[in-house]
K.L.:
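Below you'll find the structure I mean.
Since the model is a prediction, treat every value here as computed from it, not as a measurement.
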Amino acid sequence: MITKTTVFVLGAGASEPYGLPVGRALYQSVLDHCRVGNSGCIDILNTTPFTERHVTEFLGELKYFGLSSVDAFLEKQPSFLEIGKAAIAAMLIVKEDNDALWAVRDANWMMYLYGHMMADTIEQFADNKIAFITFNYDRSLEHFLSVSLSKTYHKTLRECAAVFDRIPVIHLHGRLGSLPWQNENVGRDYNPIIDQHAMNVCLREIKIVHEDIADRDKDFQLAKKFLAEAECVYLMGFGFGKKNVDRLGLAELFPKGNYLGTAYEASDLEMSRSRKLLGNRIGLYNCQSIQFLRNYASLE
């Protein structure tokens, strides 16, 4: 059980161990797989109003943008916003792999964390003082937790849903749709199938960083509330983008306990810049999420 009020802030690097393309990898996947005739393009053409001309124009501009970030491109080229969302969705939906989430291997930080959250009953499990704030579109965390809860405590997914009222997962940039137990009317299963329903849901729920969306402000305000009340704040797989740091007020945080994060494969200079961006209040470690949890996070 986790008894200290703990908040995890998750960036793209936290999803990478489960096969999700992040950053440069997502950018390259869009360029490689969404070309006319390739699988990503076929999925887009079959499920959205976009044509081969739209795809070709989008990729032509993206390829020579100069930065290997689809989000950054869409911020500068808003006319491609909707097809950009479609391309992101097409690359991520096909990576919804159940087996990857429960694979017993060294990099599975969700399984490791779940072990530290275990309790005798599901009601006691909900007493874990933990919340998750994620910048990721994928639903891997809530899918892993809900299914694991169902199997551990012999409950239906609907019965497990109540746990998430007390252990929230806040998607600041939207997600690849609600899971069926979250919304029976428009939810979509966790699977790699791309159809018109899946794409419609993703286009509606994905929120690119710069978009001015009213509901997003509510999510950020709730996230800031959890952060302000936390004893421990852990950033895992976070990219330290200034806009995200500023919107969450991460430079002004004064947790009562630990304020730590990962900076995997960052140079000493990059780590120094990230610490400075966060007001020199955070301890950063060049390691993956699983090593971070094992060696530095207080899971008690």
K.L.:
Could you check if a side-chain atom of E16 sits within less than 4.5 angstrom of a side-chain atom of S289, using non-hydrogen atoms only?
P.N.:
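No, too far: nothing below the 4.5 Å cut-off.
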
K.L.:
Can you name the residues that form a salt bridge (charged side-chain N to carboxylate O under 4.0 Å, His left out) with E96, not counting sequence neighbours?
P.N.:
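Checked E96 against salt bridge (charged side-chain N to carboxylate O under 4.0 Å, His left out); matches are R139, R188.
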
K.L.:
Whether the N258 and Y234 side chains hold a donor-acceptor pair (N or O, under 3.5 Å, no angle test) is what I'd like checked.
P.N.:
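Yes, a side-chain donor-acceptor pair sits under 3.5 Å.
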
K.L.:
Check for a donor-acceptor pair, side chain of Y27 on one end and backbone N or O of K63 on the other, with a separation under 3.5 Å.
P.N.:
yes

K.L.:
Partners of S178 by side chain to side chain donor-acceptor pair (under 3.5 Å), sequence neighbours excluded?
P.N.:
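Result, side chain to side chain donor-acceptor pair (under 3.5 Å) vs S178: R175.
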
K.L.:
So does I194 get a backbone contact from the side chain of D43, meaning a donor-acceptor N/O pair under 3.5 Å?
P.N.:
no

K.L.:
Looking at N183 and V186, would you say the former's side chain and the latter's main chain have a donor-acceptor pair under 3.5 Å?
P.N.:
yes

K.L.:
For residues L141 and T134, determine if any side-chain heavy atom of one lies less than 4.5 Å from a side-chain heavy atom of the other.
P.N.:
no

K.L.:
Classify the angle between the aromatic ring planes of F50 and H54 as parallel (below 30°), tilted (30 to 60°) or perpendicular (above 60°).
P.N.:
perpendicular

K.L.:
How long is the gap from OG1 on T121 to OH on Y153, to the nearest 0.5 Å?
P.N.:
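OH of Y153 is found 7.0 Å from OG1 of T121.
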
K.L.:
Quick one: closest heavy-atom pair of L203 and A86, and the distance?
P.N.:
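Residues L203 and A86, closest heavy atoms: CD2-N, 3.5 Å.
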
K.L.:
May I ask whether M118 and M1 are part of the same hydrophobic cluster, defined by side-chain heavy atoms of I, L, V, M, F, W, Y residues being less than 4.5 angstrom apart, directly or through others?
P.N.:
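No, it is not one cluster - the side chains of M118 and M1 are not joined through contacts under 4.5 Å.
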
K.L.:
Does K155 offer a backbone N or O that forms a donor-acceptor pair with the side chain of S150 under 3.5 Å?
P.N.:
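Answer holds: yes.
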
K.L.:
Fit a plane to each ring of Y18 and W109, take the angle between them on a 0 to 90° scale, and name the class: parallel (under 30°), tilted (30 to 60°) or perpendicular (over 60°).
P.N.:
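Correct class here is perpendicular.
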
K.L.:
May I ask you to decide if N191's main-chain N or O and D189's side chain share a donor-acceptor pair within less than 3.5 Å?
P.N.:
no

K.L.:
Looking at K207 and D219, is there a salt bridge between them, counting it only when a charged N and a carboxylate O are closer than 4.0 Å?
P.N.:
yes

K.L.:
Indicate, with yes or no, if V36 and L45 share a hydrophobic cluster defined by side-chain heavy-atom contacts under 4.5 Å among Ile, Leu, Val, Met, Phe, Trp and Tyr.
P.N.:
no

K.L.:
If I compare all heavy atoms of C160 with all of S146, which pair ends up nearest, and what's the gap?
P.N.:
SG-O, 4.0 Å

K.L.:
Restricting to non-hydrogen atoms, name the atom on L67 and the atom on A72 that form the minimum distance, rounded to 0.1 Å.
P.N.:
CD1-CB, 4.4 Å

K.L.:
Any pair with a residue in residues 254-279 that passes salt bridge (Lys or Arg N to Asp or Glu O under 4.0 Å), sequence neighbours left out, goes on the list, sorted by first then second residue, please.
P.N.:
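Residue pairs passing salt bridge (Lys or Arg N to Asp or Glu O under 4.0 Å), neighbours aside: none found.
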
K.L.:
OG of S272 to CG of L277: how many Å apart, nearest 0.5 Å?
P.N.:
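Reported value, rounded in 0.5 Å steps: 11.0 Å.
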
K.L.:
Taking the inter-plane angle between the rings of Y137 and H173 on a 0 to 90° scale, is it parallel (under 30°), tilted (30 to 60°) or perpendicular (over 60°)?
P.N.:
tilted

K.L.:
Under a 3.5 Å threshold, yes or no: a donor from one side chain and an acceptor from the other, between D32 and Q28?
P.N.:
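D32 vs Q28: donor-acceptor pair found between side chains.
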
K.L.:
L253 versus L227: any side-chain heavy-atom pair under 4.5 Å?
P.N.:
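Touching, per the 4.5 Å side-chain cut-off.
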
K.L.:
Would you please classify the geometry between the F135 ring and the F238 ring as parallel, tilted or perpendicular, with 30° and 60° separating the classes?
P.N.:
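It falls in the tilted class, 30° to 60°.
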
K.L.:
Taking atom CG of N108 and atom CG of L101, what is their separation to the nearest 0.5 Å?
P.N.:
7.5 Å

K.L.:
Look only at the side chain of Y264 and the backbone of M236, and say whether a donor-acceptor pair between them is shorter than 3.5 Å.
P.N.:
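Checked: no pair found.
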
K.L.:
A198 and I93: which non-hydrogen atoms are nearest, and at how many Å?
P.N.:
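Minimum heavy-atom separation between A198 and I93: CB-CD1, 4.2 Å.
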
K.L.:
Taking atom OG of S79 and atom CD of E61, what is their separation to the nearest 0.5 Å?
P.N.:
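Answer rounded to 0.5 Å: 8.0 Å.
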
K.L.:
T6 side chain to I130 main-chain N or O, any donor-acceptor pair under 3.5 Å?
P.N.:
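Such a contact is absent between T6 side chain and I130 backbone.
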
K.L.:
Drop me the distance from H33's NE2 to I42's CD1, to the nearest 0.5 angstrom.
P.N.:
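Answer for the NE2-CD1 pair, H33 versus I42, is 12.5 Å.
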
K.L.:
Is it the case that over 12 heavy atoms from other parts of the model lie below 6.0 angstrom from the CG atom of D106?
P.N.:
no

K.L.:
Once you round to the nearest 0.5 Å, how far does OG1 of T3 lie from NZ of K129?
P.N.:
8.0 Å

K.L.:
Please answer whether the main-chain N or O of F125 pairs with a side-chain N or O of N128 as donor and acceptor at a distance below 3.5 Å.
P.N.:
yes

K.L.:
Inspect the surroundings of CZ in R158 and state if more than 12 heavy atoms from other residues, nucleotides or ligands are less than 6.0 Å away.
P.N.:
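Yes, CZ of R158 has more than 12 neighbouring heavy atoms, counting only those of other groups under 6.0 Å.
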
K.L.:
I need the minimum non-hydrogen distance between I44 and A90, along with the two atoms involved.
P.N.:
CG1-CB, 4.3 Å

K.L.:
Counting distance only, does the side-chain N/O of K224 pair as donor-acceptor with the main-chain N or O of G249 below 3.5 Å?
P.N.:
no

K.L.:
If we check ring-ring contact (aromatic ring centres under 6.0 Å, His included) with F132, which of these qualifies: F226, F8, F144, F164?
P.N.:
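Among F226, F8, F144, F164, the one that satisfies the ring-ring contact (aromatic ring centres under 6.0 Å, His included) with F132 is F8.
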
